[in-house]
Amino acid sequence: MDRIDEAIDTYFNKFTIRQSIIIPLVVVVISLLILAATTLTIGTPVKLGMEFVGGSAIIIDTPQTPGELQAAFSDYPLHSEPREHGNRKLLQFESMSQEKQNELTNFAVKEYGSENVEMRQVGEVFGKSQQIRAVQAIVIAFLLMAAVVLILFRKIIPAVAVIFAAFADIVFAMAMMGVFGLTLTFGTLAAILMLIGYAVDTNLLLTTRVLKRKGDPMVQIKNAMKTGLTMTSTTLAALLVLFLISTISYLAVSSFTRIDIVRDIAVVLIFGLLADVMNTWMFNTGILRKYVIMPRGRR
Amino acid sequence: MAMENSLLKNPRVLLLLAGVIISLIFIYPHPTDDGIDTNLKYGLELEGGSWLQLRMQGAIIEMDADPSQIIQSEYSTYLDDKDLEITRVKSDSIRFVTTKDVTRPQIEELDYGTASLLKEEETTLVAISTTKEQVIQTYLQNYLDTEVKILQTEDGTAYEIRTNTSETQVEQVLAPIGGKLLNYVEGVSSETRDDTKQILDAKLNGIGLKDIPIRTIGDDYILIDLAGVDIATALRIAATPGKFEIRIQTEGNQTNQTAHVLYGDQITSVGIPQQYEGAWGVSFRLKDEGAVALRDAAIRYDATTEPQNHHLIMYLDNNEIFSGPLAAGLAQNIQNIPVKDLKAQTGMGEEGGQKAKELQVHLRAGALPVNVEVIGSGQVPATLGAQFKEQLGIAGIITLIAVALIVYRRYRHREIIMPMLITTFSEVVMILGFAAAIKWQLDLPSLVAIIAVIGTGVDHLIIITDEVLHKERGELPTERIFKARIKKAFTIIFAAAATTIAAMIPLGYMGFGALRGFAIVTIVGILIGIFIARPAYGAIIKHIIV
């Protein structure tokens, strides 16, 4: 008996099966409400980033203040006020005509020097055409994952519980994107897809242990939980390192810089994994406990 | 010592060792003057440079229209003759009768074909030698104000419209002549795509950038990566044509004495290289203004009377690309009227053909055969790219340390932690080795995927460890029990791998630009993990506890 075992025992003594199923369901409902509210206000469940609506972003290494930059670029359709990350300033622009865009590019390169300008631009029409593909990618990935899970367990209730837990993870991660102002970019899209495949790992571990191993299901669940929490903590550690290095490391080491795509991937995965802890060890565990107690439940 | 020996005889461990060694050979870390270099290739984001993503705008249509109706409608409007009557339609010519007084150049002005006229008392009989396809092509060109190419397909004839044109636009143009649009597909033909790519190649080579990777995706997209070139330069090269000029020799045969005739903006269209009586040549057409300028210059400098002594010389960005005399017939013609349609002859045989091809590119002044839209572009300065690389390298190392601390807290046995870390590290080396072997360009998302693999790879090792150590810590499981447990652990691991691969497939397949790298590295990492690294770990841990 070490500390982890004790904590797990305390947890199971504290929560009833019913509570452990209902709490995650409430969280799912709240997440869905957040997504619905976002859809009502801006038309999509998460805010779309530049990759999906078109526009451009320029990051300039310059001592100029955001105010000075705003004035310098006043001829171009700034999307929001310039932001400051250490010496590097981020300017975001709405999409504009190709001529205007070329003019902007030339201006930035000439004025601040090519070596100090990072930029990316996505055409409006092309960006919008990617929206459908992003939705397709998420739906196909989810269906493929669900198919794999169904084939693995061949029992409806446990399989659906796993699939629902994965769904809840993704919904929560997307809702948190909205709450913390993250947009759908290539980075966050990749993270959502990764989450689809990855969030089911601990669920697979739990369900396999309970269904395919002989012995007291409660013992199996507790053992699985110990393994699962270790797994999640290593992955969270890796993601936390990525998040810190890509987001605020420049505050400590001045030569470091923000890397947005890395931060995007890390943040979404962190939220998804946190939700996964709850959805696996409360929701899925609760369903499995009910399922194995039911007379026709076992084999 | 005996233990290590038998471990080294285990096929799974040998496979892992072989994998790592082969990977190291592919990665080939070697010292250079400024540190250590490897065979790994990095994407632009990490190397510095700029990129352009271009979409070729155009449409391919299949349609039907009656050529006689087009001719009727076109010439009755043009000649202001409501009673114009089509008298005969053959596969290679169309005849009509008009009451108006017309001349041959007038008829040919509309570009439907060469005309011959037969004047009678009240009327003129006009015969235009042309085909149905040519009539439709010319009509579309005139009304859509762009180049139209005839494509011979398996199902018949299609027309490629070389600019952004909507279905409705085409229908509107066809309505007045009773034409029917049978099929409309956005995009361009693969031939046009290849032409565009070739011209871009020629332009980039022209400014001394050799071996620039120009990739085409499907028939519509072109991606160009320009390492070490800033975005302003990249846009200038790809999206703007060069300066084309025709000059004429003023003094007999002295090439350095020339006078300006016209610039490239006077060229409206350029034909494809063709053989005229054995000699290769490229036809091109001038605007009215350009045709007048050419005629004036030709007359002023006696090129009409002594063509051999007054070559026309073409320059692209001030480099001579063609020099030749006016053809005898043309010289005579030009004396009388401005000539809009010209041919530049490049010579006989294969060499002439090659020259004609090059000249075609030059005549377009490096302009692309289709309109291209910049759908994406960007640049990362080299110093920043190096910074990204360094930062992610550090992130990878810190991640490994953090993960090591967590597993140590959990298991507190160095015998388990060391194999875990070594296996995970081997996985990373093998992914990099694979990337080096297939010359995959590592970009930011790929590096993130590698770090994510560290996190998930360790997860699977934890599953194996816990399954094996399950309940009987201290008691040594027998070999038979051990095998059964390893099997169970791998059931879970394979299932977990299957779901992650399933989720990554759409990303790798649909390829959202940069994200393909992420998907592919993740999938490859998982495969290397489940087939090489984890079985070896199973063998090692068996060794330790059995």
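Just so it is clear: chains get the letters A, B, ... in the order the sequence lines come, proteins before strands, and each one is counted from 1.
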Review point. Do the two ring centres, one from Tyr221(B) and one from Phe126(A), sit under 6.0 Å apart?
Key: yes
Review point. Side chain, backbone, both or neither: which part of Ala382(B) has a non-hydrogen atom closer than 4.5 Å to chain A?
Key: neither
Study note, to complete from the structure: One option among Ile196(A), Leu269(A), Val262(A) has the most heavy-atom pairs under 4.5 Å with chain B, and it is Val262(A)
Review point. So which of Val139(A), Val109(A), Ile151(A), Ile259(A) has the largest heavy-atom pair count under 4.5 angstrom toward chain B?
Key: Ile259(A)
Study note, to complete from the structure: Counting heavy-atom pairs under 4.5 Å with chain A, the top scorer among Leu400(B), Asp230(B), Ile398(B), Ile462(B) is Ile462(B)
Exercise for review: Would you check if the distance from the ring center of Phe186(A) to the ring center of Phe518(B) is below 6.0 Å?
Suggested key: no
Review point. Is a side-chain donor-acceptor pair under 3.5 Å present for Thr247(A) with Arg263(A)?
Key: no
Check your understanding: When heavy-atom pairs shorter than 4.5 Å are enumerated against chain A, which of Thr491(B), Ile454(B), Thr456(B) gives the highest number?
Key -> Thr456(B)
Check your understanding: For Thr105(A) and Asn102(A), does a side-chain donor sit closer than 3.5 Å to a side-chain acceptor?
Key -> no
Point to revise | chain A contact via Gln391(B) - which portion, at a heavy-atom distance below 4.5 Å | key: both
Study note, to complete from the structure: Bottom line for Thr230(A): the part with an atom under 4.5 Å from chain B's heavy atoms is both
Check your understanding: What part of Ile501(B) is in contact with chain A, defined as an atom under 4.5 angstrom from a non-hydrogen atom: side chain, backbone, both or neither?
Key -> neither
Point to revise | Under 4.5 Å from any heavy atom of chain A - which part of Ile375(B) | key: both
**Study point:** Under 4.5 Å from any heavy atom of chain B - which part of Ile265(A)
**Key:** side chain
**Study point:** Heavy-atom contact with chain A under 4.5 Å, split by part of Arg55(B)
**Key:** neither
Exercise for review: Go through the atoms of Ala452(B) and report whether side chain, backbone, both or neither lie under 4.5 Å from a heavy atom of chain A.
Suggested key: side chain
Check your understanding: Any side-chain donor paired with an acceptor under 3.5 Å for Tyr537(B) and Thr465(B)?
Key -> yes
Review point. With respect to chain A, which residue among Ser50(B), Gly385(B), Pro381(B) yields the maximal number of heavy-atom pairs within a distance under 4.5 Å?
Key: Pro381(B)
Point to revise | Partner chain A: residue of Ala496(B), Ser377(B), Ala498(B), Ala449(B) with the largest heavy-atom pair count (under 4.5 Å) | key: Ser377(B)
Point to revise | Exercise: do Thr423(B) and Arg534(B) side chains pair donor with acceptor under 3.5 Å | key: no
Point to revise | Donor-acceptor side-chain pairing of Asp169(A) and Tyr198(A) below 3.5 angstrom | key: no
Practice item. Considering only heavy atoms and a distance below 4.5 Å, find which of Leu236(A), Leu204(A), Val149(A) pairs most often with chain B. Key: Leu204(A)
Review point. So which part of Ile59(A) gets closer than 4.5 Å to some heavy atom of chain B, the side chain, the backbone, both or neither?
Key: neither
Review point. Of the non-hydrogen atoms in Ile138(A) and Leu193(A), which two are nearest, and what is the gap between them?
Key: CA-CD2, 3.7 Å
Point to revise | side-chain hydrogen bond (donor to acceptor under 3.5 Å, both in side chains) partners of Tyr112(A), counting only residues at least two apart | key: Gln64(A)
Point to revise | Interface moiety of Val117(A) toward chain B, non-hydrogen atoms closer than 4.5 Å | key: both
Revision key, fill the gap. Interface check, chain A: of Ile493(B), Thr383(B), Ile451(B), Leu447(B), most non-hydrogen pairs under 4.5 Å belong to Ile451(B)
**Study point:** Contact leader toward chain A among Leu444(B), Val403(B), Leu384(B), where contacts are heavy-atom pairs under 4.5 Å
**Key:** Leu384(B)
Point to revise | Pairing of Arg120(A) and Glu51(A) as salt bridge, 4.0 angstrom limit | key: no
Check your understanding: Do Ile486(B) and Phe482(B) touch side chain to side chain, with heavy atoms closer than 4.5 Å?
Key -> yes
**Study point:** Positive for side-chain hydrogen bond (donor to acceptor under 3.5 Å, both in side chains) with Thr202(A), one of Thr207(A), Asn284(A), Asp276(A)
**Key:** Asp276(A)
Point to revise | chain A contact via Thr522(B) - side chain, backbone, both or neither, heavy atoms under 4.5 Å | key: side chain
